[in-house]
Amino acid sequence: MNQYVTFIQDVLITIHANIRELKERRSFADPEELTHIEAKLLAYTEMLSILRSSADDAGLDREELGL
């Protein structure tokens, strides 16, 4: 596996871990924190969409990248 694939997979692991953590925190967050959590979840979801779209545009294998 080349270093670029390893890099992207590491970034994706971090994004998915952050999403899981935020979803767990969402269940017991106060209203003010909930707004912040929802905004971060939207941002992470958008980042994943961008990575998928960019991979498709570049002809990269989503599965190999972990997308």
Side-chain angles (χ1 to χ4, degrees):
M1 188 176 329
N2 76 41
Q3 66 185 6
Y4 299 108
V5 171
T6 302
F7 169 77
I8 293 296
Q9 288 176 341
D10 185 53
V11 169
L12 290 170
I13 287 167
T14 302
I15 290 171
H16 284 291
N18 289 347
I19 289 170
R20 275 191 303 279
E21 178 189 339
L22 288 167
K23 285 181 177 180
E24 289 172 8
R25 285 178 45 200
R26 182 172 56 183
S27 64
F28 56 86
D30 60 45
E32 184 177 303
E33 186 181 25
L34 188 57
T35 300
H36 177 73
I37 289 170
E38 293 295 337
K40 287 183 85 168
L41 283 169
L42 284 171
Y44 282 126
T45 302
E46 181 66 19
M47 178 57 75
L48 288 175
S49 294
I50 291 167
L51 289 169
R52 288 180 185 120
S53 177
S54 293
D56 292 344
D57 291 347
L60 300 174
D61 182 0
R62 282 188 186 189
E63 191 171 317
E64 180 184 3
L65 295 172
L67 289 167

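If you're wondering where the values come from, they're calculated on a predicted model, not measured in any experiment.
Contact of the Leu51 side chain with the Arg62 side chain is not registered, since no non-hydrogen atoms from C-beta on lie closer than 4.5 Å. For the pair Ile19 and Leu48, the minimum side-chain heavy-atom distance is below 4.5 Å. Residues Arg25 and Leu22 form a side-chain contact, since some pair of their non-hydrogen atoms from C-beta on lies under 4.5 Å apart. Between His36 and Glu32, the closest side-chain pair of non-hydrogen atoms is not below 4.5 Å.
Cluster annotation: Met47 is connected to Val5 through the hydrophobic network of ILVMFWY side chains, with a link wherever side-chain heavy atoms come within less than 4.5 Å. Note on Val11 and Ile13: separate hydrophobic clusters, where clusters join Ile, Leu, Val, Met, Phe, Trp and Tyr whose side-chain heavy atoms are under 4.5 Å apart, directly or indirectly.
The line from CD of Glu21 to CD1 of Ile37 is 9.0 Å long, rounded to the nearest 0.5 Å.
The minimum heavy-atom distance between Ala29 and Leu34, with the atom names listed, is CB-N, 4.0 Å. Contact detail for Leu67 and Ala55: the closest heavy-atom pair is CD1-CB, 3.7 Å.
Ser53 places no side-chain N or O within 3.5 Å of a backbone atom of Ile50 that could act as its donor or acceptor partner. The backbone N or O of Leu41 sits less than 3.5 Å from a side-chain atom of Thr45, completing a donor-acceptor pair.
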